Amino acid sequence: MEPILAGDRDVIIAANTASGKTEAAFLPIATRLVEESTGDALALYISPLKALINDQLSRLEPFFAQLDLPVHPWHGDIAASRKKRFRAHPRGVLLITPESLEGTFVSQGFYLHSVFRNLMFVVVDELHSFIGTERGRQLQSLLHRLEVAIKRRVPRIALSATLGDMGLATEHLRPGDAANVHLIVSKGAGQEIKLIVRGYEEKRPQIEPPEEAAGNSSQTEQGEAEDAQVDSATAAIGNDLFKTLRGSNNLVFANSRRSVELYADLLRCRCEAARLPVEFWPHHGSLSKDLREHVESALKDRNRPATAVCTSTLELGIDIGNVKSVAQIGTPYSVASLRQRLGRSGRRGEPAILRVYIEEPEITAHTSPIDALRTELVQAISIVRLLLAKWCEPPNPAGLHLSTLVHQILSLIAQNGGITASQGWKVLCRDGPFRGVEPDMFARLLRGLAAKDLVLQASDGVLLHAPLGEKIVNHYSFYTVFLTPEEYRVVAGDRELGTLPVDRPLQENCLIILGGRRWRVVRVDERRRVIEVVRAAGGRVPVFGGQAGCLHDRIRKEMLAVYSDPEMPAFLDSKACELLLEGRDNFHRFRLHERSVMRCGSDSLLFLWAGDRVVDTIAVQLQALGFSVMNQGLALQIADIEPRLLLRRLGEIIAQGPPDPVVLAESVSNKLSEKYDGFLPDDLLCEDYGCSRLDAHGAWETLKQALQRPERT
DNA sequence: GACCTGCTGCGGGGTG
């Protein structure tokens, strides 16, 4: 409490979920608010989730009511009348999202000083979820602009899970003065963990059904045959989940929305076949708020058991009551995420339980070397080993975030009714969070924005919105800095089920599974972007779209260690042991312990044992030289070249020294990935892409190491 | 070869 009571410094409190971080921050804050003689003291609480604001409101409101201080929730679902009440008399605690705070800057710019003049503290919840992201950079900028507006520094109190490098967290909270951030990290003894990794092998039918028949079955009543689309390993995992989890509360993390729907449907069918009430429900970001809240309340209800099959929606801190165990289907992609998921299990004093289910394909004469290495299982084992070693990915702090800088320039103009170029640079870059941007780059950016009709310069030098800039800022979609795909709404009668991406619209009469139920599409309204469905007996799981992930260097290095290590991890079941032995045998049979390149038909496979940023960079280097490259994750497949020749070409690449990331970026065709990237001039887009997506130095070091294990035949 | 997050101001019409 002391560092917060002092009221003169920034503090980070790092501890696991449900360990009392909120109370640790708000008890001393309440003391200081009550002591303030004007009675109008204000604290600002910022949350990445609306659901978290609703949770915190129910905990904080009764407490602050005893002190005669109001608590105001503020996000997109809060009534305008309630927001007006706060604006009329800003005091107490304001619970808000970064986007709604952005909205206040844009629409109340001139009154910002009067709204926040009595601000005493800023609390940032789930700080780790902001670090290294566009949204995190936006929040840093808003907090800095807030201090500029009220002309004084306000202590920042951040709440965080104990993840990765705490040095990055202090730098994020107070850029430029991280050394003076007071760090409080929980040394909790750590819970006992019960852990098993289970292996499954898919048995393919001897005769593959013709593709056409498989494609048509979704549009005919033949889709009714239960489990028709499920392979033997999936069915076996479903059976084991049903037997193990039935009767208690659990979370089942599947890696994709598609697989969530698949398992939720499978488990519901099992319940119905056994004439039991359904206790397994799907939960992911494409389901409507209504369906998701139903699952959340089923988890909190102590009178009947409920298990949610979910994506990372249930990973962050919203309150879902006690959960007995956590299951993970398929390999996780990061240690940080697995750790968060594990943290969701285990009642007070009881061990946390984690079961990992891994499916591997049957090996035949046609199996690719990558599959023969059992990579899913080995990746899962590596991530579990790193979890047990208490390692965790640091977020990637590199990146200019120019898309978000474009956004903040437009927002700053709206707030002040216009700014000069030098004011803008000082507020956002010299003193604000965009420190990598020098005056020259800022000027190039402004000229680019003028060329795209976003800003214009008045005769007195003041920057204003140009017509397109004006239009963008005045629409509510401006407040978010992250990009979201356009989607169709899926509706059954007057019930909203969820959404599906626009690039894969469904045809009429096709059968789908959504929300753990089966539906037939009766109408697709292209104009209103609505898909109408009715209940059906059959269905198949839709494709939701989405982006590829990014595996950290350390995980691929650990995979190499798992292949080389003769020891069998204690946490594997017998099938997983068998599959790991097979993977290790093939690793040695391919002689990957002593070489980096192997032949695969007329192609070569290049094994780099490095993270995705490095592998992607090397793929770009090879493509720039005219090679046809396919990224297989664990290896790059380079078409029509034999290993010896490839090694010679790689030697030439190394001899040229570390590549220039900006030059490499020029050869990448689609670099638009962030919301306002489309407004950047080409040279700046390449600089941004080169430093955030590519790792030129890492690529050079990795290639040098790879060539120390040459092909010897 | 994956996931997640967020959103204003207004006019029209009904209710107390």
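Keep in mind that the numbers below use all heavy atoms, side chains included, and drop hydrogens, waters and symmetry copies. Order of the sequence lines fixes the chain letters, A, B, ..., with proteins taken first and strands second; residue numbering starts at 1 for each chain. Please read all numbers here as calculations on a predicted model, not as lab measurements.
- B/dA2 atom C1' lies 9 Å from atom CZ of A/R257, rounded to whole Å.
- As a whole-Å value, the separation of A/I53 CD1 from B/dT5 C1' is 12 Å.
- The CD atom of A/E202 sits 10.0 Å away from the CD atom of A/E360 when rounded to the nearest 0.5 Å.
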> What one-letter contact string describes nucleotides 7-16 of chain B from 5' to 3', where B marks a base within less than 4.0 Å of any protein heavy atom, S marks contact via sugar-phosphate atoms alone, and - marks no contact?
Replying inline: BBS-------

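- The nearest whole Å value for the distance from the NZ atom in A/K675 to the P atom in B/dT5 is 16 Å.
- The pair A/R556-A/D612 meets the salt-bridge criterion, with a side-chain N (NZ, NE, NH1 or NH2) lying under 4.0 Å from an Asp/Glu carboxylate O.
- Computed from coordinates, the A/D612 CG to B/dG1 P distance equals 12 Å when rounded to whole Å.
- Under 4.0 angstrom from either OP1 or OP2 of B/dA2 there lies no side-chain N or O belonging to A/R258.
- Comparing atom distances between the A/S256 side chain and each of B/dG1, B/dA2, B/dT5 picks out B/dA2 as nearest.
- Whole-Å rounding puts the A/L251 CG to B/dC4 C1' distance at 16 Å.
- Between A/E201 and A/R374, at least one side-chain nitrogen of the basic residue sits less than 4.0 Å from a carboxylate oxygen of the acidic one, meeting the salt-bridge criterion.
- Listed pair A/R292 / B/dT5 meets the phosphate criterion, a side-chain N or O lying under 4.0 Å from OP1 or OP2.
- Counting only distance, with no hydrogens or angles, the side chain of A/K50 and the backbone of A/G76 share no donor-acceptor pair below 3.5 Å.
- Using a cutoff of 4.0 Å between basic side-chain nitrogens and carboxylate oxygens, A/E496 and A/K289 are not scored as salt-bridged.
- A stacking contact between A/Y333 and B/dC3 is absent: the pair does not combine a ring-centre distance of less than 5.5 Å to the base's six-membered ring with planes differing by less than 30°.
- Around NZ of A/K471, the count of heavy atoms belonging to other residues, nucleotides or ligands within 6.0 Å does not exceed 12.
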